[in-house]
K.L.:
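Pasting a structure below so you can have a look.
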Amino acid sequence: MNPAERPPLLSHTVPGGAAWSLQVLRGRTLRFTAEADRANVSLLLFAAAHRTDRLNVPDTLKAQYSACIKAPMVLMSDRGIGLASVTGSSLGWHDALCGHGLSSYGNSSYASDRNDWRRSARTGLMAELRKHGRGEGDLHASVNLFSKASIDDSAGLSFVPGHSRAGDWVTLRTEVDLLVVLSTAPHPLDLLWQPADVRIEVTPAQPVAPDDPSRMFRAESARALDEARFVFA
């Protein structure tokens with residue numbers, strides 16, 4: 001069977017406004033696909049084997065001279081270890097400046113709204129972290145897949161509506177065994193509660209070529225990938 005025709009190892013749709021977590025082995029492709037317009041995924045990444053190795057967004061941006069996440073950047077930990085590489089995307093910009101949302105968009109509870117209960121990204125992320133024996137001290141600056149924020153006329157950050165559409169996608173290659181924690185609540189600057197479902201698929205990654213785009217992107221990108229192979233050999 002052609003590798004491209006193999007069924008995914010895992011396929012799961014996270015409802016809009018929900019949270020989820022999964023552990024993914026190294027050497028996998030993690031694909032996120034928006035199933036409706038205005039999708040957002042607030043994403044946290046942790047090395048499964050070392051609690052101290054979690055995604056460091058400021059260092060990831062600074063080391064690769066970027067103000068957003070895009071292919072073929074490497075997502076780096078506090079120690080400069082490559083946790084995952086962005087191998088492709090239908091979008092050229094994924095927000096990494098605004099963090100995750102704290103708003104629940106008005107009073108809402110399971111008792112009154114059942115499955116339509118509106119929960120902030122923070123609430124969802126914390127619930128998932130607790131499942132893995134983690135807590136508030138494990139929160140870090142998140143990446144907001146599918147979302148974009150721009151500088152407005154008053155020099156503030158503004159949400160860009162219409163940046164993502166149904167069918168947009170992004171793929172990550174896992175460089176180490178990962179704990180992935182995410183929320184599909186709206187972007188923190190999005191004033192509308194219009195969360196979109198997001199499909200997540202895990203498949204075996206293609207072999208890494210010597211001229212791999214993530215390795216060739218920046219010298220720091222290559223160093224982070226080498227560190228992942230050395231520390232987690």
Side-chain angles (χ1 to χ4, degrees), residues 8-14 18-33 41-61 63-64 69-89 94 96 99-100 121 124-135 137-146 169-184 198-208 212-215 217 220-233:
L9 301 172
L10 178 147
S11 181
H12 177 70
T13 297
V14 182
W20 196 51
S21 58
L22 68 160
Q23 297 191 58
V24 187
L25 296 177
R26 68 187 299 177
R28 300 289 191 253
T29 292
L30 190 58
R31 181 184 177 98
F32 301 83
T33 303
V41 174
S42 294
L43 183 68
L44 307 178
L45 296 179
F46 305 87
H50 288 269
R51 191 183 186 109
T52 56
D53 277 309
R54 60 185 186 178
L55 177 60
N56 186 316
V57 171
D59 283 359
T60 292
L61 298 179
Q64 296 171 101
I69 298 300
K70 58 186 178 182
M73 291 175 66
V74 176
L75 304 180
M76 302 176 184
S77 79
D78 297 319
R79 296 193 291 169
I81 293 170
L83 301 178
S85 299
V86 186
T87 53
S89 181
H94 299 273
H100 57 267
L125 294 173
M126 285 299 303
E128 293 301 315
L129 286 171
R130 292 189 187 101
K131 294 178 183 178
H132 300 276
R134 299 173 184 249
D138 294 292
L139 286 170
H140 62 69
S142 61
V143 172
N144 290 303
L145 300 179
F146 303 113
W169 57 273
V170 57
T171 54
L172 306 181
R173 181 181 65 221
T174 58
E175 307 296 350
V176 303
D177 294 352
L178 287 180
L179 169 62
V180 180
V181 180
L182 61 94
S183 166
T184 55
V198 176
R199 186 170 72 257
I200 298 175
E201 296 172 307
V202 178
T203 58
Q206 296 296 319
V208 180
D212 175 67
S214 293
R215 174 169 290 278
F217 183 57
E220 286 296 317
S221 310
R223 186 195 63 78
L225 294 176
D226 288 339
E227 285 292 309
R229 287 163 176 76
F230 175 75
V231 174
F232 293 92

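Predicted, not measured: the structure shown is a model, and the values here were computed from it.
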K.L.:
State, with a plain yes or no, whether a side-chain heavy atom of Asp78 is found less than 4.5 Å away from one of Thr52.
P.N.:
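No; the side chains remain at least 4.5 Å from each other.
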K.L.:
The test is side chain to side chain contact (heavy atoms under 4.5 Å, CB included); show your working for Ile200 and Val41 and say whether it passes.
P.N.:
CA-CA 11 Å; Ile200 298 175; Val41 174; over 6 Å; no
K.L.:
If I compare all heavy atoms of Ala205 with all of Arg173, which pair ends up nearest, and what's the gap?
P.N.:
CB-CG, 3.9 Å
K.L.:
Looking at every heavy atom in both Leu125 and Ala19, which two are closest together, and how far apart are they?
P.N.:
N-CB, 4.4 Å
K.L.:
Walk me through whether Leu55 and His140 qualify under side chain to side chain contact (heavy atoms under 4.5 Å, CB included).
P.N.:
CA-CA 7 Å; Leu55 177 60; His140 62 69; 3.5 Å; yes
K.L.:
Any side-chain heavy atom of Leu43 sitting closer than 4.5 Å to one from Leu172?
P.N.:
yes
K.L.:
Could you report the tightest heavy-atom contact between Ser21 and His132, atom names first, then the distance?
P.N.:
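Looking at all heavy atoms of both residues, the shortest contact is OG-NE2, 2.9 Å.
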K.L.:
Can you find a heavy atom in the side chain of Asp59 that is under 4.5 Å from one in the side chain of Met76?
P.N.:
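Sidechains of Met76 and Asp59: no contact.
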K.L.:
Strictly by modelled atom types, are Thr171 and Thr29 linked by a side-chain donor-acceptor pair under 3.5 Å?
P.N.:
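Per modelled atom types, Thr171 and Thr29 side chains form no pair under 3.5 Å.
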K.L.:
Can a donor-acceptor pair be found, under 3.5 Å and without considering hydrogens, that links the side chain of Thr13 to the backbone of Arg199?
P.N.:
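Side chain of Thr13 to backbone of Arg199, a donor-acceptor pair under 3.5 Å: no, none is there.
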K.L.:
Going by atom types alone, do Gln64 and Ser221 pair a side-chain donor with an acceptor below 3.5 Å?
P.N.:
yes
K.L.:
Between Arg79 and Asp53, does a side chain to side chain contact (heavy atoms under 4.5 Å, CB included) hold up when you go through it step by step?
P.N.:
CA-CA 7 Å; Arg79 296 193 291 169; Asp53 277 309; 2.4 Å; yes
K.L.:
What pairs of donor and acceptor atoms, side-chain ones from residues 223-233 against any protein atom, are under 3.5 angstrom apart with sequence neighbours left out?
P.N.:
residue	atom	partner	partner atom	Å
Arg223	NE	Glu220	OE1	3.0
Arg223	NH2	Glu220	OE1	3.3
Asp226	OD1	Arg215	NH1	3.0
Asp226	OD1	Arg215	NH2	2.9
Arg229	NH1	Leu225	O	3.0

K.L.:
For Thr174 and Gly27, indicate whether the former's side chain and the latter's backbone hold a donor-acceptor pair under 3.5 Å.
P.N.:
yes
K.L.:
Does Pro8 reach the side chain of Val202, with side-chain heavy atoms less than 4.5 Å apart?
P.N.:
no
K.L.:
At their closest point, which heavy atom of Arg51 faces which heavy atom of Gly135, and how far apart are they?
P.N.:
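Between these two residues, the closest heavy atoms are NH2-N, 4.5 Å.
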K.L.:
Quick one, Met126 and Leu139 - any side-chain contact, counting heavy atoms below 4.5 Å?
P.N.:
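They are in contact (side-chain heavy atoms under 4.5 Å apart), so the answer is yes.
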K.L.:
Would you say the side chains of Ser89 and His94 form a donor-acceptor pair under 3.5 Å?
P.N.:
yes
K.L.:
Quick check: do Thr184 and Phe32 have side-chain heavy atoms less than 4.5 Å from each other?
P.N.:
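No. Closest side-chain heavy atoms not under 4.5 Å.
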K.L.:
How many angstroms lie between CG in Leu61 and CG in Asn56, if you round to the nearest 0.5 Å?
P.N.:
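The CG atom of Leu61 sits 9.0 Å away from the CG atom of Asn56.
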K.L.:
Please determine, by modelled atom types, if Asn144 and Ser42 share a side-chain donor-acceptor pair under 3.5 angstrom.
P.N.:
yes
K.L.:
Considering all heavy atoms of both residues, which atom of Ala96 and which atom of Val57 are nearest to each other, and what is their separation?
P.N.:
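Taking Ala96 first and Val57 second, the nearest heavy atoms are O-CG1, 3.3 Å.
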K.L.:
If you round to the nearest 0.5 Å, how far is CG of Leu22 from CG of Leu30?
P.N.:
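Reported to 0.5 Å precision, the distance equals 6.0 Å.
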K.L.:
Taking atom CZ of Phe146 and atom OG1 of Thr33, what is their separation to the nearest 0.5 Å?
P.N.:
6.5 Å
K.L.:
Under the salt bridge (charged side-chain N to carboxylate O under 4.0 Å, His left out) rule, collect the residues that match up with Asp177, sequence neighbours excluded.
P.N.:
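Testing Asp177 for salt bridge (charged side-chain N to carboxylate O under 4.0 Å, His left out), a comparison that skips the adjacent residues, returns none.
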K.L.:
Would you name the heavy atoms of Gly82 and Glu175 that are closest together and state the gap between them?
P.N.:
O-CB, 3.2 Å
K.L.:
Please examine the side chains of Arg134 and Leu179, heavy atoms only from C-beta on, and report whether any two atoms are closer than 4.5 Å.
P.N.:
yes
K.L.:
Hey, mind stepping through Val180 and Leu45 against side chain to side chain contact (heavy atoms under 4.5 Å, CB included) and telling me if it holds?
P.N.:
CA-CA 5 Å; Val180 180; Leu45 296 179; 3.9 Å; yes
K.L.:
Using 0.5 Å steps for rounding, measure from the CG atom of Leu44 to the CG atom of Leu178.
P.N.:
12.0 Å
K.L.:
Would a 4.5 Å heavy-atom cut-off, applied to side chains only, mark Thr60 and Ile69 as touching?
P.N.:
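Side chain of Thr60 against side chain of Ile69, heavy atoms only: contact under 4.5 Å found.
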K.L.:
Quick one: does any side-chain atom of Ser214 pair with a main-chain N or O of Pro72 as donor and acceptor, under 3.5 Å?
P.N.:
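Checked: pair present.
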K.L.:
With sequence neighbours excluded, tell me which residues meet salt bridge (charged side-chain N to carboxylate O under 4.0 Å, His left out) with Arg31.
P.N.:
none
